[in-house]
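Step one of this worksheet: look at the structure below.
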Amino acid sequence: MEMSQNNPDKEEQTSSNKKTISLPISRVRLIMKSSPDVSSINQDALFLTTKATELFVQHLALSSFNNGSGRETNTLSYSDLANAAEETEIFHFLTDILPKKILARDYLETLEQMQEEDADY
């Protein structure tokens, strides 16, 4: 009888943990397992990684929104995220993932200048 009482509590606890996160745990597990260094994933580690990822994304979004141009229009744009990645030191590691958008003609001009510089050497 005692055993059956413990089981519902554990189920309630697990379901309440799932309610506290928004990201799908199965996707996070899939991403974690895609690493060749990972052989098995503890459920607690999976939950904590999912929650930490969710909090990081929330922090990035809030910081980008508060410091970006979207405050007037109540929107968050890609350029707000890219600016946060470039201008905020803690998000600087995201500059390769969130580069600032540039026009194709500006990129081509920069590329031509780089090729000319290389040709001069």
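Only this structure's heavy atoms are used, side chains among them; waters, hydrogens and symmetry mates stay out.
- Between Tyr78 and Ile97, the shortest heavy-atom distance links the atoms OH-O, 4.2 Å.
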Name each donor-acceptor pair under 3.5 Å that joins a side chain in residues 43-58 to protein atoms two or more places apart or in another chain, with its distance.
| from | atom 1 | to | atom 2 | distance (Å) |
| --- | --- | --- | --- | --- |
| Gln43 | OE1 | Arg29 | NH2 | 3.3 |
| Thr49 | OG1 | Ala45 | O | 2.7 |
| Thr50 | OG1 | Leu46 | O | 2.8 |
| Lys51 | NZ | Thr20 | O | 2.8 |
| Thr53 | OG1 | Thr49 | O | 2.7 |
| Glu54 | OE1 | Ser22 | N | 2.3 |
| Glu54 | OE1 | Leu23 | N | 3.0 |

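- Contact annotation: the side chain of Phe91 never approaches that of Leu81 to less than 4.5 Å [non-hydrogen atoms, C-beta and beyond].
- Distance NZ/Lys100 to CD/Glu87: 5.5 Å, rounded to 0.5 Å.
- When the side chains of ILVMFWY residues are joined at heavy-atom separations under 4.5 Å, either directly or via intervening members, Met32 and Leu30 end up in two distinct hydrophobic clusters.
- One N or O on the side chain of Asn67 and one on the backbone of Ser63 form a donor-acceptor pair closer than 3.5 Å.
- The neighbour count for Tyr107 OH, taken as heavy atoms of other residues, nucleotides or ligands under 6.0 Å away, does not exceed 12.
- A donor-acceptor pair under 3.5 Å is formed between the side chain of Asp80 and the backbone N or O of Ser77.
- Rounding to the nearest 0.5 Å places CZ of Phe65 at 4.5 Å from CG of Asn74.
- By the rule that hydrophobic residues join a cluster once side-chain heavy atoms approach within less than 4.5 Å of another member, Met114 and Leu108 end up as members of separate clusters.
- The structure places CD of Gln115 at 4.5 Å from CG of Leu111, a figure rounded to the nearest 0.5 Å.
- When atom types are taken as modelled, the side chain of Thr88 and the backbone of Ile90 share no donor-acceptor pair closer than 3.5 angstrom.
- At a threshold of 4.5 Å between non-hydrogen side-chain atoms, the residues Ser64 and Asn83 do not count as touching.
- In this structure, NZ on Lys33 lies 9.0 Å from OG on Ser39, to the nearest 0.5 angstrom.
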